[in-house]
There are 2 protein chains.
Amino acid sequence: MTARTSSESARVIPEATVARLPVYLRALTALAERGIRTCSSEDLAAAAGVNSAKLRKDLSYLGSYGTRGVGYDVDYLRYQIAREIGVTHDWPVVIVGIGNLGHALANYSGFRSRGFRVVALLDADLERTGELVAGVPVRPFDDLEAIASEHSVAIGVIATPAAAAQDVADRMVAAGVTSILNFAPAVISVPEGVDVRKVDLSIELQILAYHEQRKAHEHARDEHPDLPEMPAVVGGDQ
Amino acid sequence: MTARTSSESARVIPEATVARLPVYLRALTALAERGIRTCSSEDLAAAAGVNSAKLRKDLSYLGSYGTRGVGYDVDYLRYQIAREIGVTHDWPVVIVGIGNLGHALANYSGFRSRGFRVVALLDADLERTGELVAGVPVRPFDDLEAIASEHSVAIGVIATPAAAAQDVADRMVAAGVTSILNFAPAVISVPEGVDVRKVDLSIELQILAYHEQRKAHEHARDEHPDLPEMPAVVGGDQ
DNA sequence: TAGATTGTTAATCGATTAACAATC
DNA sequence: TAGATTGTTAATCGATTAACAATC
């Protein structure tokens, strides 16, 4: 087995694990708010909605922060995960596109409380310049470069219509943004080294609809138990 | 090999594939709007942002809707995917919690255009009853059961604060909702057979922050090429 | 010491991908 | 027929899970 120096903990955390770390962080915060100082992997897994084997496996990628026979110190583990994710310091963020969704994002308190500071709201519609949203003035989209360099913005949020998304992404990348959260219903392409995550409300609903439809089929079959589960035709084509 | 009757196409589509079908559907719609009648797996994969091998594998779970040497008929494939997902007919949806996010969701045109019909907006704050949002009146949360049974609502959207989410979910399930899209930053538990999908804005940002932080480390190392890539201590403990 | 719970192993499962035979 | 492109196979990769030795 290979160990590393203490200053740089062992690494390459699987993507699936990275995506769950914020969930664990939130669950630990909820436990702390209820005055709980120590928890087992079973407790935390329940609070996070995963099974405890997966939780322990995930945490094992970060290091060895529990005590056998005892469990985890809530505050200590919380700090370690926050440090791992990088939310122990502040991240300046710009939001482009201040429609209904941009409005909601600007007002979302969960950003600020988790280390994300909205340094600017940008909109292509100059009519909106100066309007205050969540206490932050809306500025022209063309101010992007100036703002990004002034605040060293690395993370941008796109909340524009689909048609504008690629242009906004290009401008963001040119301005030095290297991580983009895209709410526009469009696929955007970015150079190597730039991360894009996509949140698409109607896609989520469509995934639910698919499963909903299958449930309906299941019920239909329940009502016709004479239909075979697998009406197989061996060797049949198509 | 086993084939099925034509009325019920072969099945059990992997989750990862199901999650991409709406992406393909949207890409096909975009191609159709550009007047494109036929496309290769390479074309469609590019439009959807995946590689073509994955696309073909995904489509193969639905059936055999392409023509070797030619490609796919855009409209035909679009219909087949829409049918598979279940968005050829309308799904009535209720949205609970009409804050900033609920507002944005109610106004989101992408729902209606993809077969989702918002039949009611509900809010626990009775002060808001009667307010029109996107042309739909806000109603008291207690109307949930009546509305759900009147419209046979199977899909519910939670856009409340975290503290209310579990209660809303319980009431939805009791009212016959079997699929929930949860925007509240809380883990909700539901009985077997109910599907929950979760969209969490700050979790997405935290995942980006993690990768952003790693990029910063990479750069730091670039500037200190004398640091070994893996300062390994073989046999060291921890 | 006895009981509890972590961290790790190893088996299993599911997803991705390249390559290519089938076939238009 | 020659060229193009699908649908499928098989190899690889990554994620999940149960089980348990390590150890508090």
Side-chain angles (χ1 to χ4, degrees), chain A residues 1-4 9-21 23-24 28 31 36-74 76-77 80-81 84 207 235-238, chain B residues 1-4 9-21 23-24 28 31 36-74 76-77 80-81 84 207 235-238:
Chain A
M1 182 195 265
T2 314
R4 287 170 178 242
S9 39
R11 215 50 47 77
V12 183
I13 301 183
E15 260 312 297
T17 297
V18 169
R20 283 188 295 264
L21 291 180
V23 179
Y24 301 152
L28 284 164
L31 291 177
I36 295 169
R37 312 289 296 273
T38 298
C39 66
S40 67
S41 63
E42 202 65 59
D43 298 335
L44 182 53
V50 302
N51 81 42
S52 65
K54 188 188 280 181
L55 172 79
R56 288 197 302 278
K57 182 77 169 152
D58 284 340
L59 294 183
S60 75
Y61 293 112
L62 309 195
S64 197
Y65 297 132
T67 308
R68 288 167 204 242
V70 178
Y72 301 92
D73 180 280
V74 170
Y76 180 62
L77 183 57
Q80 293 298 345
I81 294 178
E84 188 69 43
I207 296 168
D237 58 81
Q238 218 57 331
Chain B
M1 182 194 265
T2 314
R4 287 172 179 241
S9 40
R11 216 44 51 76
V12 181
I13 301 184
E15 258 315 295
T17 297
V18 169
R20 283 187 295 263
L21 292 180
V23 179
Y24 302 152
L28 285 165
L31 292 176
I36 295 169
R37 312 289 297 270
T38 298
C39 66
S40 66
S41 63
E42 203 65 60
D43 299 334
L44 181 53
V50 303
N51 80 42
S52 65
K54 189 188 279 181
L55 172 79
R56 288 198 302 279
K57 182 77 171 150
D58 284 340
L59 294 183
S60 76
Y61 293 112
L62 310 195
S64 198
Y65 297 131
T67 307
R68 287 165 204 243
V70 179
Y72 301 91
D73 180 278
V74 170
Y76 180 62
L77 184 58
Q80 293 298 345
I81 294 178
E84 188 68 42
I207 296 169
D237 58 80
Q238 214 61 328

Check the distance between D:dT5's C1' and B:E42's CD and give it to me in whole angstrom. 10 Å
Does B:Y72 have a side-chain nitrogen or oxygen under 4.0 Å from the phosphate oxygens OP1 or OP2 of D:dG7? yes
Looking at side-chain heavy atoms only, is the closest gap between B:L59 and B:I81 below 4.5 Å? yes
Check: B:L62 and B:L21 side chains under 4.5 Å, non-hydrogen atoms: yes
Side chains of B:V50 and B:V23, heavy atoms from C-beta outward: is any pair under 4.5 Å? no
Whichever of A:T67 and A:K54 has the more 5' nearest nucleotide on DNA chain D, that residue is A:K54
When rounded to the nearest 0.5 angstrom, what is the spacing between OG1 in B:T38 and CG in B:L44? 12.0 Å
To the nearest Å, give me how far apart CD (A:E15) and P (C:dT16) are. 13 Å
For C:dA11, which nucleotide in any strand shown is its Watson-Crick or wobble partner with both distances under 3.5 Å? D:dT16
Answer for the Watson-Crick or wobble partner of D:dA21, both distances under 3.5 Å, is C:dT6
Would you mind reading off the distance between A:N51 atom CG and D:dA18 atom P, rounded to a whole angstrom? 6 Å
Separation of atom CG in B:D43 from atom P in D:dT6, rounded to whole Å: 8 Å
How long is the line joining CZ of B:R68 and P of D:dT8, in whole Å? 7 Å
What is the distance, to the nearest angstrom, from the CG atom on B:L44 to the P atom on D:dG7? 12 Å
What is the distance from NZ of B:K57 to P of D:dT12, rounded to the nearest Å? 16 Å
Closest-nucleotide ordering on DNA chain C, the 5'-leading residue of A:A53 and A:G69: A:G69
May I ask you to evaluate whether A:S41 reaches the phosphate of C:dT6, defined as a side-chain N or O under 4.0 Å from OP1 or OP2? yes
Spacing between A:L55 atom CG and C:dG7 atom P, to the nearest angstrom: 10 Å
Please determine whether a side-chain nitrogen or oxygen atom of B:R20 lies at a distance below 4.0 Å from atom OP1 or OP2 of C:dT16. yes
Looking only at non-hydrogen atoms, find the nearest pair between B:S40 and B:Y72 and report the distance. C-CD1, 4.3 Å
Kindly say if A:Y61 contacts the phosphate of D:dG14, meaning a side-chain N or O under 4.0 Å from OP1 or OP2. no
Testing D:dT16, D:dG7, D:dT9 for proximity to the side chain of B:S60, the answer is D:dG7
Do the side-chain N or O atoms of B:S40 get closer than 4.0 angstrom to the phosphate oxygens (OP1, OP2) of D:dT5? no
